Amino acid sequence: MNLINSALVPAMRYKLSRTLVFRKAVGESPSEEMNSKGKKLLYIHVPYCEEVCPFCCFNSYDLYKYKHTIKEYFQAVKKEIEMYRDLGYDFNSAYVGGGTPTTVPDELAEILQMIRKEFNITEISIEANPKISDETVKIFQEAGLDRLSVGIQSFNDKLLKEIGRYKKYGSGEEIRERVKELIGKFRIVNLDFIFNLPTQTDKILKNDLETAIELGADQITCYPLMVAEQNVHNIKAMGKVDYDKERNMYFNTILPTMREKYIPASSWCFSRKREDKKIDMIDEYIVDYQDYIGVGCGSFSFSNGYVNMNAYTIPLYITLIKEGKFPTIMRSYKLAKKDHMRYYMMMSLFGRRLNKDKFKERFGVSYERGLWWESRFVKLMGMATEERGNVYTTEKGMYAFLIMLRQFFVYANRLRYIGKKGSIEVECEIKKLINDSDRAFAVGE
């Protein structure tokens, strides 16, 4: 394993395991401190998927098995949003993830229209699969969608078959033709790819990226493979994960292929170069909006140093909302100020830039004083440079912060695993209470 990986991975594992401390908080309202000043993003989770991919770690449920819950689910999501509105929350942007949000377009479009009306929303982004229909595209165009992020993963037929997507979404050529039709339908069309799969080669990755560039994608995102409890067995069946290969793919394939026509908006998201040199809406909402509120089954919230985790099973989520409670299942204690500053630094530099004035405004202390050791370390190691009050990552720094975010998401996936297990236990407890009550009622009669 390369030096950056071998140093950062264990350090991140150690730090994350000791930074966030969670407690059970079923049905609790958010802390008053979570409604902090400044811009916030609304994350909406849609858990339905036509078929769950073998390497996916997100909270997803079979659309056809849970079809009967869709109406109640979206009523519950609407109610949860209203609960935050009634507490005085406002949002500047919205990001819809899943699952596959575009599998339930009519219900989701109603939610989008609602949040446009209730909040100061300026941009909305939605994740989609390559089979999104023309009818669904039209629905989201009318709902004012700004950005469509299409999960491609690869155009290579062999790889698509290995990761369980060929049968679901068609051949690489079919996906390519569909993407060609989607480009230009929204202000931004982003194409997602995964790299460092065990059987993936540099040639496959390069061909995929060159195809995306040829199609004229507004953005191209290259996620590193993330191994967690949810997907480890499926990944092992494909082969061994090689982090030396990950590094080589990043420096020898991704960066050189993207350099001519795209600008890195973050460590793994690249935006097409524009004449005005502006970078449009980037892929990871947690970069531009470090405070965000998650609604829906299995979503996270992070705001002003607190993390909330929503119930992970659809029935438990709906039940808590129906009872007039927030669908929280776990909550963290507030991050220590130093840890919050480190998190802010990590997310900002993953997004290529940390503004020193904004750092001081948020934490009441200068960047160099608040993070004395960290600020010097990234500079001495050649990971960052400074110019006009900003800290910018170098290419070496881009990869370092990509590793940090990869490990951060691996940790988040671990929390998802725990959250799902905990939600199932709570749901079983509620069912037992209902059954006991029913039996007691029957005896009373």
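Residue numbers run from 1 in the order of the sequence given. Nothing here was measured: the structure is a model prediction, and the numbers come from that model.
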**Message:** Using the side chain to side chain donor-acceptor pair (under 3.5 Å) criterion, which residues pair with K338? Sequence neighbours excluded.
**Reply:** none
**Prompt:** With a 3.5 Å cut-off and no angle check, do the side chains of N390 and Y392 form a donor-acceptor pair?
**Reply:** yes
**Request:** Answer yes or no: is there an ion pair linking D291 with K40, defined by an N-O contact shorter than 4.0 Å?
**Result:** no
**Request:** Answer yes or no: is there a side-chain heavy-atom contact under 4.5 Å between K185 and Q141?
**Result:** yes
**Request:** Test salt bridge (Lys or Arg N to Asp or Glu O under 4.0 Å) on D146 and R116 and set out the steps.
**Result:** CA-CA 12 Å; D146 298 282; R116 286 276 194 193; 3.1 Å; yes
**Carboxylate-amine/guanidinium proximity below 4.0 Å for R259 and E395** = yes
**Prompt:** What residues form a salt bridge (Lys or Arg N to Asp or Glu O under 4.0 Å) with R376, not counting sequence neighbours?
**Reply:** none
**Asked** Would K206 and E210 pass as an ion pair if we require N to O under 4.0 Å?
**Response** yes
**Prompt:** Is it true that D134 and R178 have a side-chain N and a carboxylate O under 4.0 angstrom from each other?
**Reply:** yes
**Request:** Please test K261 against E214 for salt bridge (Lys or Arg N to Asp or Glu O under 4.0 Å), starting from the C-alpha separation and ending with a verdict.
**Result:** CA-CA 10 Å; K261 295 185 177 179; E214 181 188 334; over 6 Å; no
**Message:** Is the shortest side-chain heavy-atom distance between R331 and V307 below 4.5 Å?
**Reply:** no
**Prompt:** Taking it one step at a time, do D339 and R342 satisfy salt bridge (Lys or Arg N to Asp or Glu O under 4.0 Å)?
**Reply:** CA-CA 5 Å; D339 290 325; R342 290 185 181 119; 3.0 Å; yes
**Asked** Between K356 and E386, is there a side-chain N and carboxylate O pair less than 4.0 Å apart?
**Response** yes
**Request:** Give a yes or no on whether the ring-centroid distance for Y43 and Y292 is below 6.0 angstrom.
**Result:** no
**Asked** Do K131's NZ or CZ and the ring of Y169 fall within the cation-pi criteria of under 6.0 Å and 45°?
**Response** no
Please list every donor-acceptor pair under 3.5 Å in which a side-chain atom of residues 97-114 meets a protein atom from a residue at least two apart or in another chain.
{"residue": "T103", "atom": "OG1", "partner": "T100", "partner atom": "O", "Å": "2.7"}

**Trace of the salt bridge (Lys or Arg N to Asp or Glu O under 4.0 Å) decision for E33 with K334** = CA-CA 10 Å; E33 292 183 69; K334 188 173 183 177; 2.9 Å; yes
**Prompt:** Where do N310 and S299 land on the side chain to side chain donor-acceptor pair (under 3.5 Å) test, with the steps shown first?
**Reply:** CA-CA 5 Å; N310 272 5; S299 66; 3.3 Å; yes
**Aromatic ring pairing F377/W373, orientation class (parallel under 30°, perpendicular over 60°, tilted between)** = parallel
**Prompt:** Between N92 and T122, is any side-chain donor less than 3.5 angstrom from a side-chain acceptor?
**Reply:** no
